[in-house]
Amino acid sequence: MKADNTTLIDLSIFHPDAEQSVFQRLNYTQTNEGRDYLRILLSKPLNSVAAIVDTQVTLQNLTSVLNKWPKQISNGTIMVLEKFYETPIDKLPSHPGYVNSFIYQFISATDYSLTKYTVEHAIDFVKGMNVIVDLLEESSSKLLLSWRDRIGHLLRKEEAREMLVRDKKQCSVQDILLLGNFLRQQYKNDLFELIDIYHKLDAYQSMAIAGNQLGLHFPEVTDSEIPFLEAEGLFHLLLPVPIPYDIRLNQSENFIFLTGANMAGKSTFIKAVGIAAYLAHIGMGVPAKSMKISLLNGILSNIQVSDNLIRGESYFFNEVQRIKNTIETVNQGNKWLILIDELFKGTNQEDAIRCSTAVMEGLSKKRNNLFILSTHLYEIGGTLQQYSNIQFRYFETSVNAGELQFSYQLKPGISNDRLGYLILQKEGVLDLLGQL
């Protein structure tokens, strides 16, 4: 599935502010490289149901062993091992005996201390990886089984097996130097491969933990020629107290025309749907009680358009270019989810109505794509009533004793709320103007 950088930004998949970042919300990694690999996984949605299902199985298998995961491996453990190979030290004796071990410990005291510290962490690491082999023994994930077999193979060397039965606190000077030399001269490539596997496991485990902690549920993804998206209890992943929605898009009703006052919840709803659809194609659980979705070819959004002063491009010009890109995309292929928030804000109302009507009438012809489009131009709704595939939904706003009240409930129909002047009054702007 495709999603361009604009869409990833619109949906806040990645954002420098942790509170606004889906990636940060899902990041439970324990290692630096695991975090980097998680970023890679979240930037590459999958293109087949088989790949999605195997990822789901991978995460389910990892979830089932979370409470048994080895505690002796940490980011610090791995950093110690990596530093050992980056640090020049005096050559370790290949056949350490009592005399040459004593001499090395005395003459190269600093290097011996580093070697001892590394060997102790290597013993922890090897034992932890062996625990992982046992945990994955009954796995049904192809990916986890391949890693289990590879880890087992990399732990077969005699010295590695020796570390499995060693008490790191009981190692003699000769033991430290023997194992240190083994790590330095014979096991570097194998150890780095084990570390790489652990980083990848860390990223997948983070996804499993996130699903468990955030109440995510695995969607049912179908390889259908006809696009659809159905969800119950769908919510926005980044909200502390989200309001759930129910949504149904299919070929006969593939277009949602969404209205409501500013701050009523339109943008939040659109982003919630987009994030859920995106995570479904990562193979993760989604923020919903249940969800069924067809395999999509892509998600394209038009939410946070801006002008470009350097190029001399206006806000409206960039809106037009994004809409042009959207139309070209749906003309070239099917099964896209198109998300558009507040179309044509960069021009006057009369012009915006004409432009928006033309775009919506055109897009409504594309029955093999899914559309959610919000607008503050409720007047367009009357013209669009003739199209049977368009659902009309709105977010209700009420005024009680001069106070705005938002239910954030998605309801059938069209909103004609006009509350901008009331908001000015409520925020004291009118009083400030009166004092000028």
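- Within the structure, the salt bridge (charged side-chain N to carboxylate O under 4.0 Å, His left out) test picks out no pair touching residues 270-282 (sequence neighbours left out).
- Pairs engaging residues 188-217 under the salt bridge (charged side-chain N to carboxylate O under 4.0 Å, His left out) rule: Arg150-Glu193, Lys157-Asp190, Asp196-Lys200 [sequence neighbours left out].
- Residues satisfying the side-chain contact (heavy atoms from CB on, under 4.5 Å) test with Thr7, not counting sequence neighbours, are Ala3, Asp4, Leu11, Ile299, Leu300, Ser301, Arg322.
- Judged as a ring-ring contact (aromatic ring centres under 6.0 Å, His included), and not counting sequence neighbours, the contacts of Phe23 are Phe14.
- Among pairs with a residue in residues 199-238, those fulfilling ring pair (Phe, Tyr, Trp, His ring centres under 6.0 Å) read Trp147-Tyr204, at least two apart in sequence or across chains.
- The ring pair (Phe, Tyr, Trp, His ring centres under 6.0 Å) pairs that include a residue from residues 60-88 are Tyr85-Phe192, where partners are two or more places apart or lie in different chains.
- For Phe371, the ring-ring contact (aromatic ring centres under 6.0 Å, His included) criterion is met by Phe255, not counting sequence neighbours.
- Residue Lys292 qualifies as open at atom NZ: its count of foreign heavy atoms under 6.0 Å is 12 or below.
- Not counting sequence neighbours, Thr115 has no partner by the side-chain hydrogen bond (donor to acceptor under 3.5 Å, both in side chains) test.
- Contacts classified as salt bridge (charged side-chain N to carboxylate O under 4.0 Å, His left out) and involving residues 23-39 (residues at least two apart or in different chains) are not found.
- The salt bridge (charged side-chain N to carboxylate O under 4.0 Å, His left out) analysis of residues 50-74, with sequence neighbours excluded, yields no pairs.
- For Lys411, the salt bridge (Lys or Arg N to Asp or Glu O under 4.0 Å) criterion is met by Glu396, not counting sequence neighbours.
- Annotation: ring-ring contact (aromatic ring centres under 6.0 Å, His included) contacts of Phe125 (sequence neighbours excluded): none.
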